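Notes for the one structure printed next.
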2 protein chains.
Amino acid sequence: MAHVPLDSILKGDCIEQMRALPDASVDMIFADPPYNLQLKDNLQRPDQSLVAGVDDQWDKFDNFAAYDSFTRAWLFEAQRLLKETGTIWVIGTYHNIFRVGTAMQDRGFWLLNDIIWRKTNPMPNFRGTRFTNAHETLIWAAKTADQRKYTFNYNALKAMNDDLQMRSDWLIPICTGKERLKKNGKKAHATQKPEALLYRILMAASRPGDVILDPFFGSGTTGAMAKKLGRHFIGIERDDGYIAIARERIATTQKLDEEALGYSISKRQAPRVPFGQLVEAGLIQTGTTLYDSRRRHTARVRADGTLVCRDMTGSIHQIGAHVQGAPACNGWTFWHIDKRGDLVPLDRLREEMRAASHA
Amino acid sequence: MAHVPLDSILKGDCIEQMRALPDASVDMIFADPPYNLQLKDNLQRPDQSLVAGVDDQWDKFDNFAAYDSFTRAWLFEAQRLLKETGTIWVIGTYHNIFRVGTAMQDRGFWLLNDIIWRKTNPMPNFRGTRFTNAHETLIWAAKTADQRKYTFNYNALKAMNDDLQMRSDWLIPICTGKERLKKNGKKAHATQKPEALLYRILMAASRPGDVILDPFFGSGTTGAMAKKLGRHFIGIERDDGYIAIARERIATTQKLDEEALGYSISKRQAPRVPFGQLVEAGLIQTGTTLYDSRRRHTARVRADGTLVCRDMTGSIHQIGAHVQGAPACNGWTFWHIDKRGDLVPLDRLREEMRAASHA
DNA sequence: TAGGACTCTGAATCGGGGC
DNA sequence: CGCCCCGATTCAGAGTCCT
């Protein structure tokens, strides 16, 4: 059967290129297909400047039927290429994601989750006519309904999330700053995805050495993160310009060392809530005594959010580590308050705080 | 034509009951259709206790085709019942929402947003096999693609959100505690929606006095919130038990008083006041010099309400655009008068004029 | 150099009424 | 239906320049 070209970008139409690859040859697929935006006119900001919207040819379809037919064709090949334990991720917005999801179910993929990428910094709705479009949706699915042995690194993701089960809503900034690839001072690709998003996806649903296919490779975020995390990639892209920037980008990306690959922690988490903020808000009184889960250690809270324990003062993490004689400690889960005899972890109070500040 | 039965619950099949209602008779629809959950077996918690899932007969469909056909049928009636300015909300999870969204687009509804209801307290994934399913998805749509005059209280929602545009991700707790209706100590309805969710939806997309239809009425959250917010409701439900619960619930719900029901309206809805009227009324003298906010540009007022700037004359908007070299300009906020050294925008004078004409 | 003022930008189905 | 004009409308983050 056909050769599987690892760590390279195949130039051409994604369906044709996928057809040339052998059955059951990839461990994970990440697909960022055209969203089929139907933009009628130019959009101006309140200051009269023009929004640089997506006007690329690759996002033009005549109608829903044409888009559906395209979607079914590439999904058919994607399913054929997946190994039995493989999973697929597809990203989109309300313009296309319902059609993609329907096509996936019809094709026999088994949906595992829909994941919401919440943007910290979305583009506002300039006209005040709708809600700020502040998220995109990912669908995560196994090859078939009876396939239960898909790759999912449950514990790694729990560790990335302060020892809480990772939820289906992920807060990640859009791709800006140094990470955003530029060409002649302008954005090189209209829809470059943030590396943190691919980082989390690859950590969740693949293992080092796995083969990752991205049939809509674009600026190559999937390839760069695959290399960084010690996975192999196959990219498919038909635009020479995009291929060139992706090649250069991946060439300058470093693979993490073996040790880091075992313990990688996400840099970007849910909005940070300092412990002092709980004190400031009155959720925790100064002078309150904190306990570990078995009441073997105690410490008291000061007004600035530090703890005192015997003659030591420091953060909830530092004091937690100190009393255990451990090199490090997650103070949020280590320390508890006594609520009518029950021990409640600080982490629960933080959750309440986050909820209150958003509601 | 048929009678529209306000503030009542129609017993029977939702499609048959909708058929009996006249065209263009409701202002907003909220629909919480069966989710078509595909639970194979009973789910047990780690402590071996059984999760009380949805196993009602109303959630049983033989396959996707049967579910799609049901979905298309009720959406057809829903679209017929909507007034031209009306919008529809449909809630679901990944089991059904993609099929619903596709059917809505195929039917000609125009999607305005998808909204993510983020749960503060979702049920964990007990087996550690997937991400915590921590959200549900709502689709908000106008009746047709060319319909731009749908009801959306942009300013009211902005006010509810600390003066920031409301985003597409809403953090709301699931329905628990006193709010959760009980029957013989057990939850009375498997999928009772939180009142906060309906509150926000009704505040966003309806006005006092509007008619709200809920074709899957269940425990009546829509009816209760409609009554509380001074809207009318029509509920459709086929289960006598649910109807009884909902009736009692709504009977004990109080309408907010008129003052509380007031909400911030937008400038678009305010009566139009031409600039010339301010001159005519003497709020601005002819010959007055106008300044932009940084005093970089000036213009003088003429008797007919036009401005002069160098050799140009025109409306406050035209001259504002001209001096900036911009394609357009809002003269009301661009131009100011000098009141004892302070710059006051024309917009403020206009507000005074409107206030005076009301008194 | 630290901080403030100003500018720029991001997958966006983004207006209404009179003539 | 088309044209023209009125006039309503933005948040977070990064980058630049000046004090």
Side-chain angles (χ1 to χ4, degrees), chain A residues 32-56 58-61 64 67 91-97 117 119-137 173-180 182 185-187 189-194 216 218 271, chain B residues 105 109-114 140-142 145-150 152 154-155 158 161-168 265-270 272-276 294 305 314-318 320-321 326-335 346-347 350:
Chain A
D32 182 11
Y35 286 8
N36 194 23
L37 300 182
Q38 293 145 60
L39 306 174
K40 287 172 182 159
D41 303 303
N42 287 329
L43 177 64
Q44 289 186 340
R45 303 168 201 275
D47 66 3
Q48 315 288 342
S49 69
L50 207 62
V51 172
V54 175
D55 62 350
D56 305 74
W58 49 252
D59 199 42
K60 302 265 186 279
F61 292 86
F64 284 137
Y67 187 80
I91 187 167
T93 58
Y94 66 87
H95 310 86
N96 72 322
I97 198 67
W117 166 28
K119 304 179 183 184
T120 57
N121 47 352
M123 192 190 299
N125 180 289
F126 295 115
R127 290 293 189 140
T129 55
R130 303 180 179 193
F131 299 95
T132 307
N133 212 336
H135 73 275
E136 298 193 14
T137 301
I174 60 176
C175 181
T176 58
K178 276 190 295 185
E179 189 185 320
R180 186 89 197 197
K182 297 278 166 58
K186 291 181 177 177
K187 55 186 175 190
H189 192 283
T191 68
Q192 185 180 343
K193 293 292 172 289
F216 306 95
Chain B
Q105 289 182 312
F109 284 104
W110 191 242
L111 305 196
L112 298 168
N113 279 113
D114 56 337
W140 181 42
D146 52 352
Q147 191 56 51
R148 295 190 178 176
K149 286 171 79 176
Y150 51 88
F152 177 50
Y154 173 77
N155 291 78
K158 190 171 174 179
N161 193 38
D162 259 359
D163 268 338
L164 284 182
Q165 226 174 47
M166 187 70 82
R167 298 169 38 120
S168 56
I265 63 159
S266 76
K267 286 187 182 175
R268 285 191 189 107
Q269 295 164 280
R272 188 169 165 278
V273 175
F275 179 64
R294 298 191 208 162
S315 72
I316 54 173
H317 314 294
Q318 290 167 337
C329 166
N330 181 345
W332 290 107
T333 50
F334 180 75
W335 293 111
L346 296 184
D347 203 33
R350 180 172 60 163

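Every chain is numbered from 1, with letters handed out A, B, ... down the list of sequences. Remember, predicted model here, so these are calculated numbers, not experimental data. Keep in mind that the numbers below use all heavy atoms, side chains included, and drop hydrogens, waters and symmetry copies.
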Atom pair distance, as rounded to whole Å: [atom1] in [X] and [atom2] in [N]:
X       : N       : atom1 : atom2 : value
D47(A)  : dG10(C) : CG    : C1'   : 14 Å
W110(B) : dC14(C) : CH2   : C1'   : 11 Å
D146(B) : dG16(C) : CG    : P     : 12 Å
Q48(A)  : dT9(C)  : CD    : P     : 16 Å

Name the nucleic acid region contacted by [X], choosing base, sugar-phosphate or nothing; use a 4.0 angstrom heavy-atom cut-off, strictly under.
X       : value
T93(A)  : nothing
W117(A) : nothing
L111(B) : base
K158(B) : sugar-phosphate
C329(B) : base
R167(B) : nothing
A145(B) : nothing
D114(B) : nothing
D41(A)  : base

Note to self: Could you tell me the boundaries of the chain B footprint on DNA chain D, defined by atoms under 4.0 Å from its heavy atoms?
What the structure shows: dC6(D) to dA12(D)

Checklist line | Spacing of the P atoms in dT9(C) and dT9(D) (rounded, Å) | finding: 25 Å

Next item on the list: Take atom C1' in dA12(C) and the same atom in dC5(D), then report the distance between them in whole Å.
Entry: 25 Å

Note to self: Looking at the base of dA11(C), is there any donor atom on it, or on the side chain of K193(A), that sits under 3.5 Å from an acceptor on the other one?
What the structure shows: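 Yes, a donor-acceptor pair under 3.5 Å.
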
Note to self: Can you tell me whether the side chain of R45(A) and the base of dG10(C) have a donor-acceptor pair closer than 3.5 Å?
What the structure shows: yes

Check: Which comes earlier along DNA chain C counting from the 5' end, the contact point of L39(A) or that of R268(B), where each point is its nearest nucleotide?
Finding: L39(A)

Notebook entry, point to check: If you take all heavy atoms of L37(A) and H95(A), which pair is closest and at what distance?
Noted result: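 What the structure gives for the nearest pair is CD2-ND1, 3.3 Å.
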
Margin query: Can you tell me if K149(B) touches the phosphate of dG17(C), counting only side-chain N or O atoms and a distance under 4.0 Å to OP1 or OP2?
Written below: yes

Notebook entry, point to check: Where along residues 120-133 of chain A does a heavy atom come under 4.0 Å from DNA chain D, residue by residue in number order?
Noted result: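 Correct list: T120(A), N121(A), P122(A), P124(A), N125(A), F126(A), R127(A).
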
Note to self: Over 60° means perpendicular and under 30° means parallel, so tell me whether W140(B) and F152(B) are parallel, tilted or perpendicular.
What the structure shows: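 Ring orientation, 0 to 90° scale: tilted.
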
Margin query: Output the pairing pattern of DNA chain C as a dot-bracket string, 5' first, Watson-Crick or G-U wobble with both distances under 3.5 Å, | for cross-strand pairs, [ ] for crossing pairs.
Written below: .|||||||||....|||||

